[in-house]
Amino acid sequence: IYREQFSISPVMLVRKNLYWLNVLMVYPVLYVFEQDGGMDRFLNNVLAISVIGNLQRFIAWFGYSRGIIIFPSIIRDGLSFRNGRAYRLGGCTLHSLGYDLSIYNYARGGRRRNIYLMIAVLFFLYQVIIGQSRAGIICYCVVACYAAYYLLTQKYDKYRKQYKVAMIGVIVLAAAYLLFTGYLQNFVGSFSPTADSSTAGSTTNRLYAIDYYWSLMKTKPWFGIGFIYDDSDTVGAMAQYLRGYGIGVAYLEDLGILGQIFQVGILGSFVLLSIFKRLYTNARKVAKHNLFDGTTMTMIFIHVLLMGGTTFSIFLRTLFYLVPLYLAISEYFYDKDVRKYEIYNCNHGV
């Protein structure tokens, strides 16, 4: 589509899309799990890196809000404007996985469970106060509600009905509080193109962008556009050409899963859907053999599904390395709880 306007070589196109090969990282990660006798050591390192990364970004955000430049590379790359009278700064790219791991470690107990709970709460607060991603807040809330009911009560099966009633009551009370204080109306209204200019701009830009990219997509529906401007790899005038005059500042990541579908087309979308399907089927099978591991994997599936479908999708180049990590966790639990059980039954004629 673009070769008449720009001199884009095949090598450049391949280089830009090589990040899809990151999914093959699932094999060395699983090898590390096997050699370490489990995944705990590896994932604890991941969690530690995410904590340090978010701490750096918090210090940078806190200093900048008071006129002090700390970690200038973080400020330059991630914080450049105000929203809702507060500076925004997204968390480190391991933020979401670290959030899931902290909930998982808290739910399974141990001496440090309160530390993991504190990490989960701090990560949630970072998303709400500093990150301020509306889609991210919804994602974290859904995962927190699921974890609170399933992961924290699975050990008390006989009280599950009481917990269910209590959880529903808490959700209703929280929704009522947010509704009557006006927070819920403001949050939902921020998605409207008729809201004030500071919040409606991103919604309007996304609507323009979807219409523009869809007009290009219709010419090649099966294989997609194949090359969309991405902030992580600016290609000069490509930005102006793709955005046109009405698109404003809607980038590829602003369109979430739609941006990925536009890029890879209908056939390429089956690759994305196969990842969701694998996580879901693994979670269902594991739950039949180990309720705790199954509910953990279901929590992960919900989080990946929400992250994949919303803005700043997990399938973006800068975040795609999370895909093999989530898949490796899923495959590890599947091997531990299902595959070895099936092999045992096969060997013993069951």
> Crowded around Phe276 CZ? As in, over 12 foreign heavy atoms under 6.0 Å?
Replying inline: yes
Would [X] and [Y] show up in the same hydrophobic cluster when neighbours are defined by side-chain heavy atoms closer than 4.5 Å?
X: Tyr27; Y: Tyr31; value: no
X: Ile129; Y: Val51; value: yes
X: Ile138; Y: Tyr126; value: yes
X: Leu101; Y: Leu55; value: yes
X: Val271; Y: Met217; value: yes

Main-chain N/O of [Y] paired with [X] side-chain donor or acceptor, under 3.5 Å:
X: Tyr99; Y: Tyr140; value: yes
X: Asn290; Y: Phe292; value: yes
X: Asn54; Y: Cys92; value: yes

What's the spacing between [X] [atom1] and [Y] [atom2] if we round to 0.5 Å?
X: Leu117; Y: Asn105; atom1: CG; atom2: CG; result: 11.5 Å
X: Asn282; Y: Ile300; atom1: CG; atom2: CD1; result: 11.0 Å
X: Tyr19; Y: Phe320; atom1: OH; atom2: CZ; result: 7.0 Å
X: Leu125; Y: Ile130; atom1: CG; atom2: CD1; result: 9.0 Å
X: Asp293; Y: Ile329; atom1: CG; atom2: CD1; result: 11.5 Å
X: Phe124; Y: Cys141; atom1: CZ; atom2: SG; result: 3.5 Å

Could you tell me which non-hydrogen atom of [X] sits nearest to which non-hydrogen atom of [Y], and how far apart they are?
X: Ile70; Y: Gly63; result: CD1-CA, 4.2 Å
X: Pro28; Y: Leu24; result: CD-O, 3.3 Å
X: Thr219; Y: Pro221; result: C-CD, 3.7 Å
X: Ala147; Y: Met299; result: CB-SD, 4.0 Å
X: Pro324; Y: Val23; result: CB-O, 3.8 Å
X: Ser269; Y: Gly265; result: OG-O, 2.7 Å

Would you mind reporting whether [Y] and [X] have side-chain heavy atoms less than 4.5 Å apart?
X: Tyr280; Y: Met297; value: no
X: Met307; Y: Tyr326; value: yes
X: Leu325; Y: Leu97; value: yes
X: Phe123; Y: Ser50; value: yes
X: Ile74; Y: Trp61; value: no
X: Leu43; Y: Leu47; value: no
X: Leu89; Y: Phe62; value: no
X: Leu94; Y: Leu322; value: yes

>> Could you list the cluster mates of Met118? Members are the ILVMFWY residues connected by side-chain heavy atoms closer than 4.5 Å, either directly or through other members.
In response: Leu122
>> Let's go through Trp20 and Val264 carefully: what are the C-alpha distance in whole Å and the side-chain angles of both, what is the deciding distance for side chain to side chain contact (heavy atoms under 4.5 Å, CB included) to 0.1 Å, and is it a yes or a no?
In response: CA-CA 11 Å; Trp20 284 88; Val264 302; 3.8 Å; yes
> Asn114 and Tyr106: side-chain donor and acceptor closer than 3.5 Å?
Replying inline: no
>> Determine whether Leu21 and Leu18 satisfy the following criterion, side chain to side chain contact (heavy atoms under 4.5 Å, CB included), listing intermediate values before the conclusion.
In response: CA-CA 6 Å; Leu21 293 179; Leu18 276 178; 3.7 Å; yes
>> Among residues at least two apart in sequence or on other chains, which ones pass side-chain hydrogen bond (donor to acceptor under 3.5 Å, both in side chains) with Arg278?
In response: Glu331
> Looking at Arg108 and Asp40, does any basic side-chain N land under 4.0 Å from a carboxylate oxygen?
Replying inline: yes
